[in-house]
2 protein chains.
Amino acid sequence: MAKGRPHVFLSARGDLLPRWLEAFPAAIGARIGDRVEADVVPSAAWVRLADEPVAATLEKARRQVGAAVPCIVLADHPNDEEALVAFAAAARGYCNTHAAPELLSRIADVVAQGGLWIGESLMQRLLRATSHLPSPPLSPANPPWESGLTARERQVALAVAAGAANKEIARQFDITERTVKAHVSALLGKLGVRDRLQLALVVNGQRSR
Amino acid sequence: MAKGRPHVFLSARGDLLPRWLEAFPAAIGARIGDRVEADVVPSAAWVRLADEPVAATLEKARRQVGAAVPCIVLADHPNDEEALVAFAAAARGYCNTHAAPELLSRIADVVAQGGLWIGESLMQRLLRATSHLPSPPLSPANPPWESGLTARERQVALAVAAGAANKEIARQFDITERTVKAHVSALLGKLGVRDRLQLALVVNGQRSR
DNA sequence: TGCCGCCTTGTACTTCGGTACAGTTCTCCG
DNA sequence: CGGAGAACTGTACCGAAGTACAAGGCGGCA
């Protein structure tokens, strides 16, 4: 829309393309895999999911329109997990396939502006996740737990925070259990905590130091 | 804008209000703490942060405009941590105080649409955070850890999850360390985890069962 | 009254976590 | 070259965590 560059609608099946083109007369419609005769770089690509995994679909779409074109995922039955995967695959937006044209246009604006569009549901979940997170880690004055640790210590700290036992960590990094103990001891000292459980709380942001 | 309901700009200092009102002639400007002579419910409140904590500022703002009005936080020097706090305090948007008027208007649209506006930087961080998170805790089908536990067990579980040692828990509830061990053992069995660290992860929502 | 589940505690044992003391190898840096 | 720090490992020891087995007191319920 903005700058006059067209949108591209990509779908595995062609059945919805007419509807989209009706709502967006200036847009280009194509099937995923088809060649897009693009004399200009589209301003955005709308990618409708089919049965394939999100990441695979997005990858195909990017091959068609180029990596620089922001992709917005259209899901027939949106769900948060899928949305997360989409964003992890660098999608710029995620919404319902059957969203109202006005909403689609708004999303296009947001994305063109450099923002991301996620559903409210997903945002709520993200917020819930972050609110469980470290209240302290959120405080700017609180130094992050990583600071002052060596690379190995960081690795071990993460493993401990995930609930791994010393023996497991030893296997994971192919070192002796004794060495793991050495790293854990160093971590406890540096972070000023008593045992591995409190270490886990610090790393997971549930506890300040 | 939409529906003709005005925006409200709230700021601790009044120095930027003129600029905003210039960009948004239809808006109402006020200082945080001042009375807003509102004959209609504003469509959104723009809250500029000063030196006070985000949460406190937002709370004040809500008292002025009402809890139902979506609040968008304006930060002179935006940073992700602050944005997270803002969203945890139920802000609907977070952006730079000096954002271009067109962007502000776009944000207003997004918020009016029921979406949230966050910066790309923050979104990237959230995604990184969620990818570290347990996929299961996000799944609604996962039963809460409390179910099937007795009252005492719940208490002990919370204490363990907070990083307390058996001896401390014993003191806290005025029972024997031996009894604490009994409860912890029962918890490990019921929740199907190996040790108290993993118990803590389950209780704190970092791990599925 | 008798059964049952919860809370409680005891003794004894094994395993794991963590510390103390000691030492090697390697790399980086002045 | 010599020093410093990081990574690694060994032996020995202590205390905490967790299990196994056992049992008494209490309140609800058929």
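Bear in mind the structure is a predicted one, so any value in this text is a computation, not a measurement. Naming convention: chains lettered A, B, ... in sequence-line order (proteins, then strands); numbering from 1 in each chain.
With rounding to whole Å, B:D195 atom CG is found 7 Å from C:dG17 atom P. Distance CG (B:L187) to C1' (D:dA17): 14 Å, rounded to an integer number of Å. Atom CD1 of B:I175 is separated from atom P of C:dG10 by 12 Å (rounded to the nearest Å). Put simply, CZ on B:R194 is 21 Å from P on C:dT14, counting in whole angstrom units. Here the P atom of nucleotide D:dA17 and the CG atom of B:L199 are 13 Å apart, to the nearest Å. For the pair A:I169 CD1 and D:dT9 P, the computed distance is 14 Å after rounding to whole Å. Look at NE2 on A:H183: it is 9 Å from C1' on D:dA6, rounded to the nearest Å. Distance CZ (B:R154) to P (C:dC6): 11 Å, rounded to an integer number of Å.
Taking the ring centre of B:F9 as origin, the terminal cationic atom of B:R48 falls outside the region bounded by 6.0 Å and 45° from the ring axis.
Closest to the side chain of B:R152, from the set C:dC16, D:dA17, C:dT8, is C:dT8. Relative to the side chain of B:N166, the nucleotides D:dA17, C:dT19, D:dA6 differ in distance, and D:dA17 lies closest. Taking every side-chain heavy atom of B:K181 into account, D:dT19 is the closest of D:dT19, D:dT9, C:dG18. Counting only heavy atoms from C-beta on, A:E177 has its side chain closest to C:dG17 among C:dG17, D:dG18, C:dC7. Here D:dA16 is the nucleotide among C:dC16, C:dC7, D:dA16 with the atom lying nearest to any side-chain atom of B:K167. In this structure, the nucleotide among C:dT19, D:dT9, C:dG10 sitting nearest to the side chain of B:T176 is C:dG10.
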I'd like a table of atom pairs between the protein and nucleotides 23-29 of chain C - only N or O on both sides, under 3.5 Å - with the distance next to each one.
none

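Using a 4.5 Å cut-off on side-chain heavy atoms (C-beta onward), A:L201 and B:N204 make contact. Taking 4.5 Å as the limit, every side-chain heavy atom of A:L74 sits out of range of all side-chain heavy atoms of A:V47. The shortest side-chain heavy-atom distance between B:V156 and B:V160 falls under the 4.5 Å cut-off. Side-chain contact check for B:I169 versus B:H183: every heavy-atom pair is 4.5 Å or farther apart.
Not one side-chain nitrogen or oxygen of A:S185 sits closer than 4.0 Å to the OP1 or OP2 atom of C:dG18. A close approach under 4.0 Å does not occur between any side-chain nitrogen or oxygen of A:T150 and OP1 or OP2 of D:dA6.
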### Message
For A:V180 and A:K167: C-alpha separation, side-chain torsions, deciding distance, then whether side-chain contact (heavy atoms from CB on, under 4.5 Å) applies.
### Response
CA-CA 8 Å; A:V180 176; A:K167 198 168 296 186; over 6 Å; no
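As judged by a 4.0 angstrom heavy-atom cut-off over every strand, B:T179 is placed among the base-contacting residues.
Side-chain atoms of A:R196 stay outside donor-acceptor range of the base of C:dG17, with no qualifying N/O pair under 3.5 Å. A donor and an acceptor atom never sit less than 3.5 Å apart when one is taken from the side chain of B:R178 and the other from the base of C:dT8.
Along DNA chain C, the nucleotide nearest to A:L197 and the one nearest to B:A182 differ in position, and the one closer to the 5' end is contacted by B:A182. In terms of position on DNA chain C, the residue among A:A186 and B:E153 whose nearest nucleotide sits closer to the 5' end is B:E153.
Side-chain contact, B:R178 with B:N166: no donor N or O sits under 3.5 Å from an acceptor N or O.
Minimum interatomic distance between A:Q155 and A:F173 (heavy atoms only, all atoms of both residues): CB-CZ, 3.7 Å.
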